[in-house]
J.: 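Just dropping this structure here.
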Amino acid sequence: MINVKINYKAMVRLLGIILLIAGIAMAIPWIYAELIHDTTCLKGFRISTPLSIIIGLVLSVTLNSDRAKFRLREGYIVVASCWAVVILAGALPYYFSSFTCTFIDALFESTSGFTTTGCSAAGYDEFSHPLILWKAITNWLGGMGILVFAISILPALGVNGQFIVRAEAPGPALQKTMVRMSDSAKVLYITYFSFTVIEFVLLLLSGKMPVFDAIVTTLGCVSTGGLTVHPEGIAFYDSVFVEVVISVFCILSSVNYVLYHYLATGKGSYLVKDVELRAYCIIIFASIIICTLALVVINDVSPATALRDAGFEVISMATTAGYMRSTYLVWPVVCQVTLIALMFIGGCSSSTSGSIKVIRILVMLKLILRGSMKRIHPRSVVAVKLGKNAISAPVVSAITAFILTYMMVLLVSIFILSFQGFSLDTTFTAALAMLSNTGAAFGEAAAVGNFSMFHPLLKLYLSGLMIMGRLELFTIMILFSRTFWSKNH
């Protein structure tokens, strides 16, 4: 018998808060559309914004309840529900505008925005500036996690959010940097907001970007969403300064945000000691060297141009931002394989980047090394360590299960997408681009510049992949488990 008691009242109230946040954020591009008299999307925002705000207010104000504490199981349900609701609400401006006539395309754009995947189901010539701004805002909100943002205000509204963060935050674990989870979320968002302001100012100082371009690029960069205004990508500006600024903030945003709290509180030694950060820097540096040498030797590119192209593209893929500066389709195979490997690895835990995460890769390599040692010395006791710290067996088991599940979902997705009949590189990298939240693919998808060629049902599936990748698989998969809903669970 399936009978689980859930605090529906508190859950619906939280859904209302999330919807209200989305509606308020939606008002920004609406005002912008009114100011520039962009009739192509005014209808969409005039309908969507009041609707989201009114429903959000009704649900969050009228369902006033005592202080609610979510259990871990309810945290998973809340996270999945909130992401579904905010993505549906975010799709409305696209659908009611002249952008698309199908709700699936609108849903794809909204999902791409909130999951910071940054890809599109349509060409850039179909986007009006207010819609691009809306997608940039959804990138920014989804970057650190709209629920993590909500956690910082939930205590005042009577909701304990510890288990929500555990279910939503990217990476193996979100460390508590302060006593209360809400204070931790505030610290993370202060850092996130500071990066946003600093990058925006620097991009304006470049003299290459107007204010609108700087806003969109900044919101897409600090969230590692990779959103740009022009179809040519960052190459449109042809500025080394712009590329360096974007590269630096992509890396900063893909580093574990907890380290910034340690840095701000005078514990900078944690950055030097952090094994994941050191490994991440080594991976990026080695990849840049490999791609630069390959471009110089094989493609006969000048060393300066090769370093510029390789450096930007490697950082773009390693941080899962997915920016494009040069046509990597004509790069040597060794470069393309390197970029795909970086898409698999992703950034650090508790950052805005997606994919598997460096910390999990390190643990798996240590596990492989331990397996080799056990072959030579069967009776030896070899712990899986990161630095001087031994990793507990349950954590190692969970990481192993995640990576195996990740590979299984990827293989199944490749098989499903193969029915469309595209080339192997298109099918494989399209699935990886969605699951890793990179948004950059090879083959036909890269040539066209978007994913409009896929069947509507496959676009729906790709949207699901983006959500699974953003919420790290199990948050979604666990909801389909009978054990999860059992009253004895």
Side-chain angles (χ1 to χ4, degrees), residues 29 83 86-87 90-91 94 99 105-124 126-127 129 131-146 170 192 196 199 213-236 243 246-247 249-251 253-254 312-313 315-325 328 339 342-343 346-347 351-355 429-442 445-446 448-452 454 459 462-471:
W83 274 86
V86 79
I87 286 173
Y94 300 108
F99 165 75
D105 280 352
L107 194 67
F108 185 96
E109 296 299 330
S110 180
T111 306
S112 170
F114 281 110
T115 60
T116 72
T117 308
C119 56
S120 176
Y124 273 83
E126 298 181 49
F127 271 98
H129 273 203
L131 285 178
I132 293 177
L133 180 59
W134 171 233
K135 191 163 186 176
I137 291 172
T138 60
N139 268 192
W140 193 86
L141 287 174
M144 183 60 65
I146 190 171
Y192 191 53
T196 304
E199 184 181 2
D213 290 33
I215 291 173
V216 170
T217 304
T218 298
L219 296 180
C221 181
V222 295
S223 64
T224 61
L227 187 65
T228 57
V229 177
H230 304 281
E232 299 92 341
I234 300 302
F236 175 85
E243 292 161 22
I246 291 174
S247 297
F249 280 91
C250 277
I251 292 175
S253 295
S254 61
F312 185 82
E313 213 59 53
I315 291 173
S316 174
M317 293 299 186
T319 59
T320 70
Y323 281 113
M324 184 185 73
R325 186 201 168 274
Y328 50 77
L339 295 180
L342 293 173
M343 291 169 67
S351 69
T352 64
S353 62
S355 207
T429 57
L432 180 59
M434 300 298 104
L435 193 58
S436 66
N437 298 136
T438 306
F442 293 74
V448 175
N450 57 68
F451 293 81
S452 59
F454 283 99
K459 288 180 186 176
L462 292 173
S463 299
L465 270 186
M466 286 188 266
I467 297 173
M468 288 188 70
R470 177 61 181 82
L471 298 181

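When a residue number appears, it is its place in the shown sequence, counting from 1. In this text the structure is predicted, and so the values were computed from the model without any measurement.
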J.: Closest heavy-atom contact between Ser353 and Thr319?
T.: CB-O, 3.3 Å
J.: To the nearest 0.5 angstrom, please state how far the OH atom of Tyr323 sits from the OG1 atom of Thr224.
T.: 9.0 Å
J.: Checking Tyr94 against Phe108 for the side chain to side chain contact (heavy atoms under 4.5 Å, CB included) test, could you report, in this order, the C-alpha distance in whole Å, the side-chain angles of both residues, the deciding distance, and whether it holds?
T.: CA-CA 10 Å; Tyr94 300 108; Phe108 185 96; over 6 Å; no
J.: Can you list everything that forms a side-chain hydrogen bond (donor to acceptor under 3.5 Å, both in side chains) with Ser463? Sequence neighbours excluded, please.
T.: none
J.: Is a donor on one side and an acceptor on the other found under 3.5 Å between the side chain of Thr429 and the backbone of Phe442?
T.: yes
J.: Tyr192 and Ser223: which non-hydrogen atoms are nearest, and at how many Å?
T.: OH-CB, 3.3 Å
J.: Return the CG to CE distance between Asn437 and Met343, rounded to the nearest 0.5 Å.
T.: 10.5 Å
J.: Is there side-chain contact between Leu219 and Lys135, with heavy atoms separated by less than 4.5 Å?
T.: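 In short, these two side chains do not touch, never coming nearer than 4.5 Å.
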J.: Between Ser112 and Cys119, is there a donor-acceptor pair closer than 3.5 Å when you use the side chain of the first and the backbone of the second?
T.: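 Pair found, side chain donor or acceptor close to backbone of Cys119.
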J.: Give the ring-plane orientation class for Phe114 versus Trp83, where under 30° counts as parallel, over 60° as perpendicular and anything between as tilted.
T.: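 Geometry flag for Trp83 against Phe114: perpendicular rings.
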J.: For the backbone of Thr196 and the side chain of Thr218, can you confirm whether one donor and one acceptor N or O come within less than 3.5 Å of each other?
T.: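 Checked: no pair found.
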J.: Can you check side chain to side chain contact (heavy atoms under 4.5 Å, CB included) on His129 and Val229, steps first, answer last?
T.: CA-CA 8 Å; His129 273 203; Val229 177; 4.1 Å; yes
J.: Rounded to the nearest 0.5 Å, how far apart are NE2 of His230 and CG of Asp213?
T.: 4.0 Å
J.: Hey, does Leu432 have a side-chain heavy atom less than 4.5 Å from the side chain of Thr438?
T.: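 No. Closest side-chain heavy atoms not under 4.5 Å.
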J.: Under 3.5 Å, is there a donor-acceptor pair between the side chain of Arg470 and the main chain of Gly142?
T.: yes
J.: How long is the straight-line distance from CG of Leu342 back to OG of Ser436, given to the nearest 0.5 Å?
T.: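 Those atoms lie 11.0 Å apart.
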J.: Quick one, Thr111 and Thr117 - any side-chain contact, counting heavy atoms below 4.5 Å?
T.: no
J.: Determine the sole option in Cys221, Ser253, Cys250 for which the side chain to side chain contact (heavy atoms under 4.5 Å, CB included) test with Thr352 is passed.
T.: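 For Thr352, the side chain to side chain contact (heavy atoms under 4.5 Å, CB included) check succeeds only for Ser253.
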J.: Could you state the interatomic distance from CG (Leu227) to CG (Leu133), rounded to the nearest 0.5 Å?
T.: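 With rounding to 0.5 Å, CG (Leu227) is 9.5 Å from CG (Leu133).
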J.: Between CD1 of Ile246 and CZ of Phe312, what distance do you get to the nearest 0.5 Å?
T.: 5.0 Å
J.: Within the 4.5 Å heavy-atom criterion, are Ile137 and Trp140 side-chain neighbours or not?
T.: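 They are not in contact (no side-chain heavy atoms under 4.5 Å apart), so the answer is no.
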J.: Hey, does the side chain of Thr320 reach the backbone of Gly354 with a donor-acceptor pair shorter than 3.5 angstrom?
T.: yes
